[in-house]
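Worksheet for the structure shown next.
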Amino acid sequence: MSIVTANTDSQPAQYRIAARELCEFTAKHGDLDLRFTPAPSALEGIAGHASVAARRGDDYQKELPLRGRYGALEVRGRADGYYPARQELEEVKTYRGRLERLPENQRALHWAQLKVYGWLLCQALALPELRLTLVYFNVDSEQETLFSERHDAEGLRTFFETQCAHFLHWSASELAHRERRDPALAAAAFPHPQFHAGQRQLAEAVYRMAARGGALLAQAPTGIGKSIGSLYPALKALARGEVEKVFFLTAKTSGRRLALDAAASLVGTATTGAIPLRVLELVAREKSCEHPDKACHGESCPLARGFYDRLPAARAAAVQRSRLDQAGLRAVALEHQVCPYYLGQELVRWSDVVVGDYNYYFDGSALLYGLAQLNDWKLAVLVDEAHNLVERARGMYSAELDPMQLAALRRVAPAELRKPLEKVRRAWSRLHRDQTEAYVAHAQLPDSLCRALQEAVSAIARHYAEEPPANDSPLQAWWFEAAQFLRLAESFAPAHSLFEIVLEEASQPRQPGRSRLAIRNLVPAPFLAPRAARTHALVLFSATLKPPHYYRDLLGLPAGTQWLDVPSPFRAEQLRVTVARDISTRYQHRQRSLPALLARMAGQYRKQPGNYLAYFSSFDYLQQALAAFAARYPEIPLWSQQRGMREPEREAFLQRFVAGGEGIGFAVLGGVFGEGIDLPGERLIGAFIASLGLPQINPLNEELRRRLDAQFGAGYDYAYLYPGLQKVVQAAGRVIRGAQDHGVLHLLDDRYAQAEVQALLPRWWQIE
Ligand code: SF4
């Protein structure tokens, strides 16, 4: 059933907003309060709504779409249920714990939303009055607490119009912003004297996708300027109203910086003054928090106290700036004494371009995706260095349970939690009691463990409802992990995930060992596919996206996803590529082949001294090679990547590569120096790549191979070959960074001579 108010305005709406968003804007006051509220999961929320609806009679109308106008503003929403006979409108909110702990400003918001729905319904059905009922449903006890009020239509109309009038003031300035922004963007020239070779092709494809909608996988070589090459056309589409916002998603901080600089270069090209383009950078909480020792509520943190009272002024000041990167956002936030992290989240709604990590759009509770759905935004989503998304998404939909954490917790847990935690321990121990192999993967989750975890999680939630946790307590940390495990358990299926038990060594003789448990995602496609399908234009680009079917299958891209392979601007004569046909780096041959491999490296270095990078498939292999090389060729300067290097140490590693310098830097394929570093000209004149970068053969990867074989008929390729070669091509891409660069690449393994391997290497290489 759809109820739409009579449209008394002959003009089309210029501004649309969801009722919930309208109320968030106009009716929220007081403190930011993220004190632990044991919130139900999304599935529990859906189940709670369904339980309430099932208890209502046949005449109860569920999920009532409502829409209405106030001047140029259109307000939309979906009320939970309506009894026509009783003229009663209900809004259901699920919760956990004690209802009295729900912050007052949260309740006020719920009432505001219900009153807005109330007026939209009164207007649509010409009702003189209406009963409004807020239903709070406790997901643990399944009890309902009802609060009802009778309102006349006139009072509801006044309330609705007051909210709209308050918002209209803001929306008028938003419309004025768009009126200034769009012609300026439409007139903006490309911010460089000309497109690089291939860059125009990428830009045209991105524009077509943004205008028409759909998904695009674009492989485009490093160095052609993919950030501006994709952002520029997306902003042209924004100027023409073909998309409403642009999200630029990155895997790393360096990618965020490039995107921000690309946007800044475009703003600077305006001939009639700066383009009023609002560019927002989202930064993780731990990097933007001003009071890491405090908790996010008004009694603890001064920047949370009165947050919503000061938010309007902070918001108004923030939208005057075009670059709201971490520093810009912090400056506004501190000037207005609000939290920079949560101010950033508020500003997503009012930004034209949002630059942030993948997880803001792709993980299970992604902020950007959630807001896009709530507001029905027509988006262009640009995914930078998209070859990283497979592994990153697997991580987003995996969860681990650490036995040490549970053991430590049981010693310090409050008395009423000891029993449920003990039940978890017993269920856990039964799982591995008879296990003899170190690693076992299961296609199903154990019911007994899930039940025990659910009981423990609910008991902790009830405990916290009485006594909110101290900041960062071990109990709270474990609670979050167990809750994440249970959330993934709700959607567990053998088609995309497995449940693994990894035995740990017994700490003492005669003591049973412990096990580490995990839900391990193998195929993120089922989680990502609905997001891809609901995104107007999704563009994934990288220098290495071959073969496209691998990414389509694992990322759940729609069947009509387009493929673009932008030719490289580099010439074959710029890079001499040789294959060591006499060297095998297969695990069982490594020891034997090491002297020949090192002799190749030393031979190249002596022939042409300069800076080189040597890549190995693991730290162990790297260390063996490094020690042997240093012993045999002490005259050649060496430096090496270490495990867990911090930013200054990484910087020091890269600074060894000076123009005119000499030596070999040892690094790990797929590691921090395997992509995203720029050493142009003489800073790097060649690379050695030992092995095909294939992931290690271990029980998990073997299980992955079997599953991918069953699902896609290409287990070895999907589990080993494609991920390995992708790392090789990324690493090799460090050598040639511009049209003037020349260098050498030594592929140190006989398998590089195979046709199926060469088919995955860049077409412009001429292999000797
Ligand atoms: S400054 Fe830190 S502690 Fe305070 S509200 Fe922000 S994130 Fe929370």
Side-chain angles (χ1 to χ4, degrees), residues 21 24-25 27-39 97 101-109 250 253 256 260 278 280-319 321 323-351 354-361 363-371 396 460-461 464-465 467-481 483-484:
E21 288 284 89
E24 289 263 352
F25 190 93
K28 215 160 174 188
H29 301 285
D31 294 355
L32 176 85
D33 191 347
L34 297 177
R35 230 172 315 201
F36 179 78
T37 45
R101 298 199 75 90
L102 193 70
E104 194 43 54
N105 59 357
Q106 201 63 34
R107 285 170 192 254
L109 196 63
T250 67
T253 312
R256 281 210 313 265
L260 291 168
R278 298 174 187 159
L280 172 71
E281 179 187 18
L282 290 178
V283 179
R285 182 183 173 279
E286 58 274 19
K287 289 194 180 152
S288 49
C289 176
E290 289 289 319
H291 295 285
D293 56 325
K294 298 195 168 29
C296 304
H297 59 85
E299 286 165 32
S300 172
C301 176
L303 300 184
R305 199 172 309 135
F307 176 90
Y308 291 105
D309 302 329
R310 292 190 295 278
L311 177 62
R315 181 166 53 207
V319 296
R321 289 174 170 246
R323 184 163 167 147
L324 280 164
D325 58 2
Q326 187 174 6
L329 194 61
R330 180 172 187 265
V332 178
L334 295 189
E335 193 183 322
H336 293 269
Q337 281 299 291
V338 292
C339 166
Y341 176 67
Y342 290 104
L343 176 63
Q345 300 205 346
E346 291 288 332
L347 290 172
V348 169
R349 295 162 175 86
W350 319 114
S351 299
V354 181
V355 180
D357 186 272
Y358 291 166
N359 68 303
Y360 285 107
Y361 200 73
D363 82 13
S365 54
L367 170 82
L368 293 181
Y369 179 70
L371 283 173
M396 291 172 204
I460 297 171
Y464 280 157
E467 198 178 314
N471 214 15
D472 295 334
S473 74
L475 182 65
Q476 190 189 32
W478 186 83
W479 185 86
F480 284 138
E481 282 182 15
Q484 165 70 353

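Numbering of ligands and ligand atoms starts at 1, following listing order. Below, all heavy atoms of this structure are taken into account, side chains as well, without hydrogens, waters or symmetry copies.
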Original post:
Of all residues at least two apart in sequence or in a different chain, which pass the salt bridge (Lys or Arg N to Asp or Glu O under 4.0 Å) check with D363?
Top reply: none
Original post:
Measuring from W479:CH2 to L475:CG, what's the distance to the nearest 0.5 Å?
Top reply: 10.0 Å
**OP:** With rounding to the nearest 0.5 Å, note down the distance linking CD in Q337 to CG in L303.
**Re:** 5.5 Å
Original post:
Using a distance threshold of 2.8 Å, what protein N/O/S atoms lie below it relative to atom 6 (Fe) of ligand 1?
Top reply: C339 SG
Original post:
Considering residues, nucleotides and ligands other than R330, do more than 12 of their heavy atoms fall under 6.0 Å from its CZ?
Top reply: no
Original post:
With respect to L282, which candidate in D357, L347, L368 satisfies the side-chain contact (heavy atoms from CB on, under 4.5 Å) definition?
Top reply: L368
Original post:
Closest approach of R321 and A331, non-hydrogen atoms and distance?
Top reply: NH2-CB, 3.9 Å
